[in-house]
Amino acid sequence: MTSPSPEPLVSPVGSHNEWDPLEEVIVGRLDGATFPSDHPVVTCNMPRWAGRVHGAVSGYAYPRVMVERARRELEQFVVLLQSLGVTVTRPDPVDGRKRFGTPEWSSHGFCTTCPRDSMLVVGDQIIETPMAWPCRYFETHAYRTLLKDYFRRGARWTAAPKPQLSDALYRPDFRPPAADEPLRHILTEFEPVFDAADFVRAGRDLFVLRSNVTNGMGIEWMRRHLGPDYRIHEIESRCRTPLHIDTTLMPLAPGKVLVNPEYIDVDRLPDVLKSWDVLVAPEPDPIDERLLRLTSMCGKWLSMNVLMIDEKRVIAERHHTGTLRALERWGFEPIPCDLLHYAPFGGSFHCATLDVRRRGRLESYAD
């Protein structure tokens, strides 16, 4: 007598775009947060004076006052997500001060504040990314408890090739281009590297930004890995120090995309977006707190770093009232929340989360 076939596993991971109803999300942690390594790929996106200051604090824990301000806001954000019916999971705590290395280099760690950078969800697959910052080399280990649980329950779990991060990956004596110079990046094409935060998803179409952490080989690796069911479109940016697409271009709903007017030439968007409503982000509200302006790892356009709960509801920074009003005019229902003090750790609502499961199916939203 043959035993009955086991029930097929139903993957707990499933997300095809940035707006289907959100059911489960990973939210980052501030435990063990450490100033990132003093490496050219880190400091190339900073003003020169900030790079010099950064060298003095690299490898030290963030001051407690900065961590606690951000932690209060982060925990309120978690409570808000749970009140909206979203399941929230968190990475394991880590100590970013610990050193590690390969035969070619050594570094201390950073933090696990931004799961959006180190992992990309495409359908029922969760992909660990090959990041270009040495201090983030083992960052996904903090998520391994979650990743193994997702895998046991039926998810597909993939890791891109682990990069060597040797000197050959970085251009020597790199400096950001001036406004009248052609755009250039610190990365060579020595090997594939990319951050997941340089990708945003709209069903069968993904949009990517080539940046100072994502090179052409990394984009091509993703294109071949996902295969013919998906189309990857590179976004042209005028930013002199590009880093992550979610302050440049954000799909908010079917046929609606938010763009940064400083970085994006609307006439040069990919053809698949020609039929979409292009929503031009308003000028961000100024930040009055001097310490926050000095320590933020992100530009002023973090006002665009919103998280869609569904096609209508969107969590956005309470401070940026111009953005909140614009979202209302465009037919959305903004939910104001505080996360302003998270900026020194790498981002805001989109950066601080990874949507593991949204209720929806794979579709094409482009002509």
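Along the sequence shown, the residues carry numbers beginning at 1.
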message = Taking the basic N atoms (NZ, or NE/NH1/NH2) and the acidic carboxylate oxygens, is any pair closer than 4.0 Å for Glu73 and Arg71?
response = no

task = Taking the side chain as every heavy atom from C-beta outward, state whether Tyr342 and Thr113 have any atom pair closer than 4.5 Å.
result = yes

Glu333 bridged to Lys312 by N-O distance under 4.0 Å = no

ask   = Side chains of His320 and Leu324: does their closest heavy-atom pair fall under 4.5 Å?
value = no

inquiry  = Check this for me: does any side-chain nitrogen of one of Arg210 and Glu189 sit under 4.0 Å from a carboxylate oxygen of the other?
reply    = yes

ask   = Looking at Phe332, does the NZ or CZ of Lys256 lie under 6.0 angstrom from its six-membered ring centre and within 45 degrees of the ring axis?
value = yes

note = Apart from Val94 itself, members of its ILVMFWY cluster (side-chain separation under 4.5 Å) are none

message = For a side-chain contact (heavy atoms from CB on, under 4.5 Å) check, start with the C-alpha distance between Val259 and Thr248, then their side-chain angles and the critical distance, and finish with the verdict.
response = CA-CA 6 Å; Val259 300; Thr248 297; over 6 Å; no

key: Flag, side chain of Thr129 to backbone of Met131, donor-acceptor distance under 3.5 Å   = no

ask   = Angle class for the Phe110/Tyr62 ring planes (parallel below 30°, perpendicular above 60°, tilted otherwise)?
value = tilted

Asp355/Arg358 salt bridge by N-O under 4.0 Å criterion = yes

ask   = What distance do Phe345 atom CZ and Cys114 atom SG have between them, rounded to the nearest 0.5 Å?
value = 10.5 Å

ask   = For atom CZ of Arg153, is the number of surrounding heavy atoms from other residues, nucleotides or ligands below 6.0 Å larger than 12?
value = yes

query = For atom CG of Asp167, is the number of surrounding heavy atoms from other residues, nucleotides or ligands below 6.0 Å larger than 12?
reply = no

ask   = Any donor-acceptor pair under 3.5 Å linking the side chain of Arg357 with the backbone of Pro12?
value = yes

Ion pair Glu24/Arg359, N-O distance below 4.0 Å = no

inquiry  = How about CZ on Arg99, more than 12 heavy atoms from neighbouring residues, nucleotides or ligands closer than 6.0 Å, or not?
reply    = yes

query = Is Arg201 salt-bridged to Glu18, going by a charged N under 4.0 Å from an acidic O?
reply = yes

Donor-acceptor contact present, side-chain Asn17 to main-chain Asp20, <3.5 Å = yes

Check residues 169-180 and write down every donor-acceptor pair under 3.5 Å in which the side-chain atom is one partner and the other belongs to a residue at least two apart or another chain.
| residue | atom | partner | partner atom | Å |
| --- | --- | --- | --- | --- |
| Tyr170 | OH | Ala132 | O | 2.7 |
| Arg171 | NE | His185 | O | 3.0 |
| Arg171 | NH2 | Leu187 | O | 3.4 |
| Arg175 | NH1 | Glu181 | OE1 | 3.1 |
| Arg175 | NH2 | Glu181 | OE2 | 3.0 |

message = Under 4.0 Å between a side-chain nitrogen and a carboxylate oxygen: does that hold for Asp338 and Arg318?
response = yes

query = Between Glu139 and Arg116, is there a side-chain N and carboxylate O pair less than 4.0 Å apart?
reply = no

inquiry  = Are more than 12 heavy atoms, taken from residues, nucleotides or ligands other than Phe100, located less than 6.0 Å from that residue's CZ atom?
reply    = yes

task = State whether Arg313 and Asp310 are salt-bridged, where the test is any N-O pair (Lys NZ or Arg NE/NH1/NH2 against Asp/Glu carboxylate O) under 4.0 Å.
result = yes

ask   = Between Asn212 (side chain) and Ile186 (backbone), is there a donor-acceptor pair under 3.5 Å?
value = yes

ask   = Do Glu220 and Arg223 sit within salt-bridge range, that is, some charged N less than 4.0 Å from a carboxylate O?
value = yes

inquiry  = Would you say NZ of Lys274 has more than 12 non-hydrogen atoms from neighbouring residues, nucleotides or ligands within 6.0 angstrom?
reply    = yes

